[in-house]
Asker: 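Starting off with a structure, shown below.
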Amino acid sequence: MTDHQNASSNDLREAIPDDRDDARDEMPEKLRADVRLLGDLLGTILREAGGPDLLDDVERLRGLVITAQKAPESGAIDEAEALIDTFSPERAEEVSRAFSCYFHLVNLAEEHHRVRVVHEHEAELSPAEAHAQDYLPDALRRLEAELGPDETRRRLAGLEFRPVFTAHPTEARRRAIAASIRRITTLLAARDESSLAGVSRLENTDQLLAEIDGLWRTSPLRTTKPSPLDEVRTAMGVFDETLFSVLPEVYRRLDTWVNRDEPGVSTPVAPPFVRLGTWIGGDRDGNPNVTASITRTAAAIASEHVLIALENVAERVGRTMTLDATTTPASEALDQLWLSQRQLAPEITADISSRSPNEPHRRTLLVVAERLRATRRRDADLAYPTAADLLTDLRTIQDSLVAAGARRVAYSDLQKFIWQVQTFGFHLAELEVRQHSQVHRETLAEIAEHGADSAALSERSVEVLDTFRAIAAIQKRHGVDAARRYVVSFTTNAEDLANVYTLAAHALGGPELAPVLDVVPLFETFADLQAAPGVLAEYVKNPLVVERLEATDRRLEVMLGYSDSSKDVGPVSATLALYEAQDKIAAWAQDADITLTLFHGRGGALGRGGGPANRAVLAQPPGSVDGRFKLTEQGEVIAARYGDPTIATRHIEQVAAATLLQSMPSVGEHNAQAAERFTDVAATLDVESRKRFFELVHAEGFPQWFAQVTPQEEIGLLPLGSRPAKRGLSVNSLDDLRAIPWVFAWTQARINLTGWFGLGTALAAVGDVDELKRAYAQWPLFSTMIDNVEMSLAKTDVRIAERYLALGDRDDLATLVLDEMALTREWVLKITGKTTMLGNLHVLGRAVQLRSPYVDALSLIQLRALRALRRGAPQEQVPQLQRLLLLSVNGIAAGLQNTG
């Protein structure tokens with residue numbers, strides 16, 4: 001960095017303020033250096049772009065909000081509001097963007113440090129020690145100790161983890177911003193290399209400055225809403241950059257542990273336990289932009305990506321397999337494969353043979369690459385009919401290598417290739433379709449009146465029928481596994497599920513022509529969760545379902561909705577109802593000899609079932625997991641969990657380990673005994689929390705008040721996703737509002753109500769602190785709930801919340817919210833024995849503590865815009881106010897690291 005750059009950015013060197021010593025001192029030195037560097041460089045850019053006055057305004061506001069956090073009685077928060085009121089609209093935008101950029105830089109520094117810590121930790125250990133301390137090996141050791149090696153191997157073989165990517169509008173960050181952050185992360189990581197010194201280091205600094213300048217100058221707001229296909233392509237980025245290469249490495253790490261006595265030469269036994277699903281391009285519940293044509297195109301895009309990836313692997317591995325026939329002779333089966341390849345493609349095999357005259361394994365694998373290329377191009381003469389046919393060829397090559405003694409070659413990159421084919425097939429991810437049960441009922445009513453082929457059908461009903469035709473087309477082109485699950489949202493009875501089969505038959509001209517379907521009920525409301533076992537018992541009597549169960553070894557999938565159940569009865573009652581529903585469904589499945597997979601519709605935010613997935617798995621009822629875990633991965637969670645290879649690896653291993661451990665008899669017995677032991681506590685929590693929640697949300701005028709005191713209406717203006725934020729033109733009841741903006745709006749108002757409201761009253765009703773402490777220590781469901789609430793409350797701010805609530809004209813509702821927040825905070829601290837939220841979680845607590853004042857600054861800017869809009873600003877000012885508000889929405893989302 002030049003002397004000028006040093007001099008111009010001294011003020012923002014204090015991005016980690018000296019007056020927040022505790023949090024700063026807990027920050028690791030390398031992370032502190034990264035944050036200081038990035039803050040320094042951002043200061044340079046702000047001064048260059050806006051002159052010294054911009055940086056001065058940012059620094060003045062920063063100082064005031066920090067003082068307000070440290071000394072609430074100082075009046076500094078009022079001074080900060082007064083300062084913001086002096087900003088011109090343009091300056092308010094610039095300051096908002098400055099804080100938003102800072103959050104992006106801090107977030108990427110923290111993520112980079114997480115990766116750094118993992119790598120440093122592994123580098124300090126021997127290979128045996130590193131494996132021993134990983135999540136999956138530890139889980140396997142515990143399984144072996146309790147169940148023995150044979151049963152452990154059996155359970156490992158049946159392990160399944162099924163993340164399903166969804167495109168719910170919760171990713172406030174633009175793709176251009178995300179790409180800029182990745183480039184900055186790469187440059188920051190390069191500074192860890194000892195070889196980067198002298199001129200190279202200065203050049204790295206100049207590149208960082210250029211990238212941060214570009215980040216600052218890139219509009220954080222999308223100009224248009226993304227289409228469903230834009231969302232599909234965004235998800236493809238995660239596959240291309242991370243998952244395709246990460247998953248075989250996860251399997252390899254596991255296999256090295258299982259075959260620890262003979263790593264690299266023993267037959268691999270680690271199962272390819274991950275299967276990706278996606279709703280992107282298939283979820284049409286409330287999204288008119290997802291059509292049958294979109295669904296078919298989404299499947300084609302995914303297939304194109306995976307076939308290109310597989311083709312590249314085949315080409316790369318084939319070119320390196322230069323094993324001579326003298327040292328590594330071909331097996332008889334490999335000779336037969338080569339003969340069939342020559343008959344299939346004489347010109348191609350002649351060319352390859354001339355380049356690899358005495359390398360039988362290399363030439364057959366290079367022909368595999370050509371056949372994959374033909375599959376992608378839809379050349380029927382040379383294409384592989386199915387992924388299973390490709391696997392047969394790869395197994396033949398591998399077996400030949402093993403027979404010739406080249407076991408290490410057989411079980412190295414070729415084995416990873418096999419795992420990739422097993423994991424992704426030719427479709428990459430199973431495309432699941434979702435539609436609302438009411439839409440099916442109305443379509444059938446139209447068909448009953450007009451007939452399935454009648455031009456009198458509504459456009460929506462035609463689209464419903466076209467969807468089944470699209471599924472049939474996808475199965476024909478990409479295989480049955482590419483699209484066979486059909487999720488029925490708001491399932492209330494068995495007829496809602498049978499309707500899907502009836503509609504498929506209408507669409508294709510008869511049940512025998514319909515596509516293969518596994519119809520998945522989605523139970524969402526409190527009443528539907530309670531009714532679920534009875535609905536399922538009736539559903540499995542359906543002859544079509546009986547036939548499907550016979551074909552799938554009696555496998556059945558049931559989905560549970562976290563978002564709407566929480567909005568329906570509040571977070572506490574929803575948590576308890578979901579546990580009870582899982583317990584009863586699992587018991588029913590066992591009695592009915594059903595192999596059950598529960599599909600958890602968990603969101604990114606705590607108010608929608610979010611939180612650490614591995615802890616959630618371990619807290620489930622006995623028999624409800626049984627080695628299989630499936631959940632939705634939504635919005636910003638996809639990038640956070642799967643965007644970086646190291647973090648993705650750790651996340652997948654954590655969830656897989658928890659899935660194995662949850663099926664241990666001791667874990668199931670502990671969860672069941674704890675639930676029984678604290679039945680009375682659960683009953684009180686359920687009744688009292690729901691009563692308190694209803695007192696708020698059923699109050700007359702609540703929906704309108706909610707829209708006044710949060711930026712709920714304005715969030716609908718953000719082009720976050722292709723799906724509308726609400727079901728109608730206005731919000732007159734909570735039923736009109738989707739769960740995502742319901743959570744998002746309370747988060748923006750720094751209240752996070754959806755994660756905790758009603759818990760304080762319920763805990764106070766129990767009243768016995770010692771009993772609640774025992775529940776926290778012994779009952780996994782309760783301890784997970786308390787810890788999630790603690791995390792949610794840590795991101796709230798009473799002073800900011802009061803200002804949002806003052807935007808409405810209902811002191812009674814504002815008081816209700818603030819009283820419940822204080823009561824919940826008081827009881828959570830009593831139960832956990834802490835003096836502050838996240839007091840013993842140094843990493844998370846430090847991150848929240850350091851961010852809070854900067855988020856406050858953006859909240860105050862947002863409040864300025866909201867007040868003007870609520871007071872009826874002149875029409876010519878409205879667009880600029882809305883833009884300022886939406887800029888602050890992006891910044892607050894980045895600062896809190898969650899949206900919906």
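What you see below is based on every heavy atom in this structure, not just the backbone, and it leaves out hydrogens, waters and symmetry mates.
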Asker: Checking the side chain of Thr295 only, and the main-chain atoms of Gly281 only, is there a donor and an acceptor separated by less than 3.5 Å?
Answerer: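 Such a contact is found between Thr295 side chain and Gly281 backbone.
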
Asker: Would you check if Asp496 and His440 make a side-chain contact, meaning some heavy-atom pair closer than 4.5 Å?
Answerer: no

Asker: Should Val625 and Gln582 count as side-chain neighbours, where that means a heavy-atom distance under 4.5 Å?
Answerer: no

Asker: So for atom CD, which belongs to Gln530, do other residues, nucleotides or ligands contribute more than 12 heavy atoms lying within a distance under 6.0 Å?
Answerer: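 Yes, enclosed.
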
Asker: Using 30° and 60° as the class boundaries, would you call the ring planes of His600 and Phe629 parallel, tilted or perpendicular?
Answerer: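 Rings of His600 and Phe629: tilted, as their planes differ by 30° to 60°.
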
Asker: So do the side chains of Arg441 and Glu495 get within less than 4.5 Å of each other, counting heavy atoms only?
Answerer: no

Asker: Any side-chain heavy atom of Val637 within less than 4.5 Å of one from Thr632?
Answerer: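 A side-chain contact under 4.5 Å is absent here.
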
Asker: Can you tell me if Arg628 uses its side chain to pair, donor with acceptor, with the backbone of Asp626 under 3.5 Å?
Answerer: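 Yes, the answer is positive, given that a donor and an acceptor are paired below the 3.5 Å cut-off.
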
Asker: Determine whether the side chains of Asp230 and Ser227 contain a donor N or O and an acceptor N or O closer than 3.5 Å.
Answerer: yes

Asker: Taking the side chain from Gln620 and the backbone from Gln662, do they hold a donor-acceptor pair closer than 3.5 Å?
Answerer: no

Asker: Measuring centre to centre across the rings, with the benzene-like ring taken for any Trp, is His478 within less than 6.0 Å of Phe426?
Answerer: no

Asker: Looking at Arg155 and Leu147, would you say the former's side chain and the latter's main chain have a donor-acceptor pair under 3.5 Å?
Answerer: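 A pair under 3.5 Å: no.
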
Asker: Report yes or no: is the cationic atom of Arg690 (NZ for Lys, CZ for Arg) closer than 6.0 Å to the six-membered ring centre of Phe526, at no more than 45° off its axis?
Answerer: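 Checked: cation-pi criterion met.
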
Asker: Under a 3.5 Å cutoff, is there a donor and acceptor pairing between the side chains of Thr492 and Asp528?
Answerer: no

Asker: Are Val572 and Phe693 side-chain neighbours, meaning at least one heavy-atom pair lies under 4.5 Å?
Answerer: no

Asker: Evaluate the ring planes of Phe424 and Phe244, with Trp represented by its six-membered ring, and classify them as parallel (under 30°), tilted (30 to 60°) or perpendicular (over 60°).
Answerer: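 Phe424 and Phe244: tilted rings.
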
Asker: Does a sphere of radius 6.0 Å around CD in Glu459 hold more than 12 heavy atoms from other residues, nucleotides or ligands, not counting ones at 6.0 Å or beyond?
Answerer: no

Asker: Will you find, in the side chains of Tyr501 and Asn542, an N or O donor that is under 3.5 Å from an N or O acceptor?
Answerer: no

Asker: Should the pair Glu538-Lys541 be classified as a salt bridge under the 4.0 Å nitrogen-to-oxygen rule?
Answerer: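 No salt bridge links Glu538 with Lys541.
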
Asker: Using only heavy-atom distances, determine whether the side chains of Tyr486 and Thr467 contain a donor-acceptor pair under 3.5 Å.
Answerer: no

Asker: Is Gln435 reaching over with its side chain to a backbone N or O of Val464, donor-acceptor style, under 3.5 angstrom?
Answerer: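 No, the answer is negative, given that no donor and acceptor are paired below the 3.5 Å cut-off.
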
Asker: Report yes or no: do Asp389 and Thr392 form a side-chain donor-acceptor pair below 3.5 Å?
Answerer: no

Asker: Return yes if a side-chain donor-acceptor contact under 3.5 Å exists between Arg162 and Thr597, otherwise no.
Answerer: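 Thr597 and Arg162 do not have a side-chain donor-acceptor pair below 3.5 Å.
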
Asker: Do the non-hydrogen side-chain atoms of Pro163 and Val274 ever get within less than 4.5 Å of each other?
Answerer: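 When only atoms from C-beta onward are counted, Val274 and Pro163 do touch, with a gap below 4.5 Å.
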
Asker: Any heavy-atom pair between the side chains of Phe678 and Leu781 that's under 4.5 Å?
Answerer: no

Asker: Short question: side chain of Thr297, backbone of Ser293 - any donor-acceptor pair under 3.5 Å?
Answerer: yes

Asker: Any Lys/Arg nitrogen of Asp150 or Arg153 sitting under 4.0 Å from an Asp/Glu carboxylate oxygen of the other?
Answerer: no

